[in-house]
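Worksheet: the structure to be examined is printed underneath.
Below, chain A is the first sequence line, B the second, and so on; all start at residue 1. Computation of the quantities below employed the complete heavy-atom set of this structure, encompassing side-chain atoms and omitting hydrogens, waters and symmetry-equivalent molecules.
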2 protein chains.
Amino acid sequence: MAARHEEIAQELRQAIDRGEYPVGGTLPTETELSARYGVSRGTVRQAVAALTTEGRIGSRQGARRVVLGNRRSQSFAELRSFAQWAHAMGRTATGRVLDQHRRPATLEDAEKLQIKPGDEVLQVLRVRGLDGEPVLLERNVYAAWMADSVERLPADCISVVQALYEDIGMIFAYGEHVIDAVAAGAEDARLLEVRRGSPLLRIRRVTTTPAGRPIEWSDDRYISGTVSFTVANSIGSNPLARQAGQA
Amino acid sequence: MAARHEEIAQELRQAIDRGEYPVGGTLPTETELSARYGVSRGTVRQAVAALTTEGRIGSRQGARRVVLGNRRSQSFAELRSFAQWAHAMGRTATGRVLDQHRRPATLEDAEKLQIKPGDEVLQVLRVRGLDGEPVLLERNVYAAWMADSVERLPADCISVVQALYEDIGMIFAYGEHVIDAVAAGAEDARLLEVRRGSPLLRIRRVTTTPAGRPIEWSDDRYISGTVSFTVANSIGSNPLARQAGQA
DNA sequence: GTCATCGACTTGTTCGGACAAGTGATTCCG
DNA sequence: CGGAATCACTTGTCCGAACAAGTCGATGAC
């Protein structure tokens, strides 16, 4: 957080959370913020642009910016790492590897990881919980160049993302997520201790390095009622997209 | 699309979709793009910033930008309007109002719509379908100042958003969505023609005007397998947030 | 009283410049 | 041959300025 515009964005976020700028009210003008923080208008605009994409404030030409909400959106690390997210929520995360083996890449693996079919991949099945209760079933497929590092992790590793960062400096930089709902299959039900057919929230994602190289893809299934996802959008930018289901 | 940086962003999007900049490859440098389009570097940066938040390209200081994917994300209108989204997918949307009545606002209504408890609101129950098949059950609550316009709509109105825009110039500008999975209740099951307990993807959202005034909130339940949501994020920006479930 | 006009104010767009910070290939040295 | 240092290149940050475009309240005409 060295950049000045990030500092300002953070201060504005906190001010909104404190109620200094109430929901439905307006933010100070760019000129006033420039003077207050002693920066140029461009720097202020970078800061408020961040809050806008987060959905905290709305922006229209000619009118002051409006505070839309004070919901706190977790950081990327918290989003991508179940353990760090749980920690931020004041909950205790658990995790256990149930199965782990190497196999040749299927066509699906090859497409998602940008490798050739038949190349070796590492498949991992994990169950994760909050405060001892199972919450999430995670099926991961890692590219071969990651496999060694993942296999070295202990079976009860809490935070895979953090462990890989400390171990080999691996950073998970980008992710694409597809969200839908499915019924629990036989294996899902047994491992998550729910009835077959129970609704599960499914998130399928592909993660890449900062250089754009795919690291892994994953199929996460959350027990209904344990976790929800929040997304904000505006007429100017919509990170979220609805797609017809081809299951 | 008057702004030059938006034009450039659109051209870059199309170039990526055409395969001119293949996935895994790099984009030209900012300097080169500046020269090509005859604009300053700042304008180019605004354009590529848009593609970055969409998750199409990755960005790291010192290195050229990387193409992450060419998935096309729908426009805001398509996201917010079931009808417009269906049209863009080449499907036919249907819709029917099952129930519509005014009632006093509950505490939940009041909080979400920023009104006082007891103020009048308009509740609407709609079922919507694709190509004749029911797909989505929609429970809407509109603020009183919108009620008249909504009531004037025909019961089989396909696109509520578009009708309200043409009728009174109402624009849905911001939205916040909470996504989770639930089991179909008795009413859900009957109206959607699925078994009780079937998994449904639930989207709860609040929509506001450009000025930040809440218009309506909604509880949408999609039949599993018919629709999925996609979101992209990066280490620098994450519109998506995971939250512990208090259902 | 109602409505149109006006004008101060605010955000959006774009330019040009300067420097900091990080990357990646090359070069050089042991 | 391997690894460290170098260096050109690229993106990130920040400044200051100017004008366009839209909002919103006040003013004034009818």
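When rounded to the nearest whole Å, the span between CD of B/Gln61 and P of C/dC19 equals 17 Å. Put simply, CZ on B/Arg64 is 6 Å from P on D/dT10, counting in whole angstrom units. Remark: P of D/dG16 and CZ of A/Arg41 are 13 Å apart, rounded to the nearest angstrom. With rounding to whole Å, B/Arg4 atom CZ is found 18 Å from D/dA20 atom P. As a whole-Å value, the separation of A/Glu7 CD from D/dG12 P is 19 Å. Between the CD atom of B/Glu6 and the P atom of C/dG12 there is a distance of 12 Å, given to the nearest Å. The nearest whole Å value for the distance from the CZ atom in A/Arg45 to the P atom in D/dC14 is 15 Å. Straight-line distance from the CD atom of B/Gln46 to the C1' atom of C/dT11: 13 Å, rounded to whole Å.
Closest-nucleotide positions on DNA chain D for A/Gly62 and B/Ser59 were compared, and the one nearer the 5' end corresponds to B/Ser59. Mapping B/Gly38 and A/Ala211 onto DNA chain C via the closest heavy atom, the residue that lands nearer the 5' end is B/Gly38.
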In sequence, state the C-alpha distance, the side-chain angles, and the governing distance for B/Arg202 and B/Asp180, and then conclude on salt bridge (charged side-chain N to carboxylate O under 4.0 Å, His left out).
CA-CA 5 Å; B/Arg202 177 171 67 171; B/Asp180 60 2; 2.8 Å; yes
Give the intermediate values and the outcome of salt bridge (charged side-chain N to carboxylate O under 4.0 Å, His left out) for residues A/Arg102 and A/Glu151.
CA-CA 10 Å; A/Arg102 297 186 184 224; A/Glu151 282 180 334; 2.8 Å; yes
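The pair A/Asp109-A/Arg103 meets the salt-bridge criterion, since a charged nitrogen lies less than 4.0 angstrom from a carboxylate oxygen. For B/Arg126 and B/Asp220, the salt-bridge test fails: no basic side-chain N is under 4.0 Å from an acidic carboxylate O.
Here the nucleotide nearest the side chain of B/Ser40, chosen from C/dT11, C/dG16, D/dT13, is C/dG16. Nearest to the side-chain atoms of B/Thr43 among the listed nucleotides C/dT14, D/dT23, D/dA21 stands C/dT14. Here C/dT11 is the nucleotide among C/dT11, D/dT10, D/dT13 with the atom lying nearest to any side-chain atom of A/Thr29. When the nucleotides D/dT13, C/dG12, D/dT23 are ranked by their closest atom to the side chain of A/Ala63, D/dT23 comes out on top.
Both tests pass for B/Arg213 against the ring of B/Trp145: distance under 6.0 Å to the centre and angle within 45° of the axis.
Interface remark: the B/Arg60 side chain does not form any donor-acceptor pair with the D/dG12 base, using a distance-only criterion of under 3.5 Å.
The side chain of B/Thr31 places no N or O atom within less than 4.0 Å of a non-bridging phosphate oxygen (OP1 or OP2) of D/dC9.
Within 4.0 Å (heavy atoms only), B/Gly58 reaches no atom of the nucleic acid at all.
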